[in-house]
Amino acid sequence: MSQEYSVAVVVGSLRKASFNRKVALALAELAPSNFKLNIVEIGDLALYNEDIDVEPPAAYKTFREQIRNSDAVLFVTPEYNRSVPGVLKNAIDVGSRPYGQSAWSGKPGAVISVSPGAVGGFGANHHLRQSLVFLDVPCMQQPEAYIGGAATLFDDNGKLSEKVRPFLQTFIDKYAEWVARHQK
Ligand SMILES: Cc1cc2nc3c(=O)[nH]c(=O)nc-3n(C[C@H](O)[C@H](O)[C@H](O)COP(=O)(O)O)c2cc1C
């Protein structure tokens, strides 16, 4: 039987009808059966403040445990003002502390950015990769995933467009290989 992997999926949007969340859920469906993708919620994390981290809030503790207990991390994010949404950067900061005990360290990762615009969130994707280099997250280089035209990805019944399905399938299959290859 193949080894099971649990993947923490961090979605950089809190919007109910988020295109990014829909893509994250679609990836969970497309993933090989031994890969369990679970969205880790980030909306309850207080803005990171070293003062409150002396006695960490329950939400910080839970989030850090969820990342630590996963075998890998996958980021699915929109672009805000050509960068990473604040809510996602906050989650990254929370997971990175206390100093020397980062939950992210060594977790194989990948980034997929999704936007209604034509550029597909390239700016957010690469700003995020900059943080992941520092956090020692081995981040899949190829295939790069800048998904534009997000409003056309799903039909009125929430069905994934056949135009994008093959690419998402390739992305998640390559990511599964990446995760297996980078387990410690
Ligand atoms: C504050 C803000 C800044 C934005 N900046 C960008 C941007 O730089 N590039 C872009 O492609 N879309 C930008 N957008 C549009 C988002 O891509 C769009 O709202 C998208 O649907 C958000 O992702 P979601 O559907 O997963 O919530 C911005 C939206 C907001 C609210």
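First listed ligand is number 1; within each ligand, the first listed atom is number 1. Only a predicted model underlies this, so the values are computations on that prediction, with no experimental measurement involved.
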Note to self: For F167 and F171, take the angle between the two ring planes, folded into 0 to 90°, and tell me which bin it lands in: parallel under 30, tilted 30 to 60, perpendicular over 60.
What the structure shows: tilted
Check: Rounded to the nearest 0.5 Å, how far apart are CD1 of I42 and CG of L14?
Finding: 6.0 Å
Item checked: Side-chain ion pair, E29 and K22, N-O less than 4.0 Å -> no
Notebook entry, point to check: Does H127 have its ring centroid less than 6.0 Å away from the ring centroid of Y80?
Noted result: no
Check: So, Y60 versus Y48, ring centres under 6.0 angstrom or not?
Finding: yes
Item checked: Sorted by chain and number, the residues that approach ligand 1 to under 4.0 Å with a heavy atom -> S13, R15, S18, F19, N20, P78, E79, Y80, N81, R82, S115, P116
Check: If you measure from SG on C139 to CD on Q130, what distance do you get to the nearest 0.5 Å?
Finding: 12.5 Å
